[in-house]
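In what follows, a single structure is set out as structure tokens and then discussed.
Throughout, numbering of the chain's residues begins at 1 and tracks the sequence. This structure is a prediction, so every number in the text was calculated from the model and none was measured. Side chains are part of it too, since the values below use all heavy atoms of this structure and drop only hydrogens, waters and symmetry mates.
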Amino acid sequence: MFVLELTYTVPLDRIDARLPDHVAWLDRHYADGTFLASGRKVPRDGGIILAAGEDRAAIEAVVRTDPFSVEGLATYRVTEFLATVVAPVLESHRQRLPD
């Protein structure tokens with residue numbers, strides 16, 4: 001499991017201009033099961049995405065395709081964690097600690 005933290009590097013008017021493309025990108029990755037939750041940070045200086053994936057390299061490859069990333073409008077911090085305790089709705093994403 002991964003927490004993707006976006007930090008905007010440009011003014012919000014430039015973010016808003018590309019927001020439809022970013023949302024379409026989000027929608028594609030919700031449809032393929034990679035993204036589980038997302039939203040704006042408060043205050044609005046970026047966003048957070050909760051993602052599931054096989055490995056860090058695959059998630060980082062997805063991040064590089066975000067229009068915000070492609071155009072240098074935001075940077076990403078990718079944090080991997082083991083989701084060993086989850087809400088019932090996320091049971092299929094529960095992970096086990098390595099032996």
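Between L82 and L97, the closest side-chain pair of non-hydrogen atoms falls below 4.5 Å. Taking 4.5 Å as the limit, every side-chain heavy atom of V78 sits out of range of all side-chain heavy atoms of V3. In this structure, the side chains of L50 and F2 stay at 4.5 Å or more apart for every pair of heavy atoms. Under the 4.5 Å side-chain criterion, counting only non-hydrogen atoms from C-beta, D66 is in contact with L6. The closest side-chain heavy-atom distance from T84 to R94 is not below 4.5 Å.
Nearest heavy-atom pair across A51 and F35 is CB-CD2, 3.9 Å. The heavy-atom pair separating I48 from E5 by the smallest distance is CD1-CG, 3.7 Å. Scanning all heavy atoms of the two residues, the minimum distance from L36 to A52 falls at CD1-CB, 4.2 Å. V63 and W25 get closest at one heavy-atom pair: CA-CZ2, 4.3 Å.
Defined by atom type and a distance below 3.5 Å, a donor-acceptor pair is missing between the side-chain atoms of T7 and Y76.
Within 6.0 Å of the CZ atom in R96, the count of heavy atoms belonging to other residues, nucleotides or ligands does not exceed 12. The number of heavy atoms from other shown groups lying within 6.0 Å of CD (E91) is above 12. Heavy atoms from other residues, nucleotides or ligands lying under 6.0 Å from CZ of R77 number 12 at most.
The main-chain N or O of A83 is found under 3.5 Å from a side-chain atom of Q95 such that the two form a donor-acceptor pair. With hydrogens and angles ignored, the 3.5 Å screen pairs a side-chain donor or acceptor of T65 with a backbone N or O of V62.
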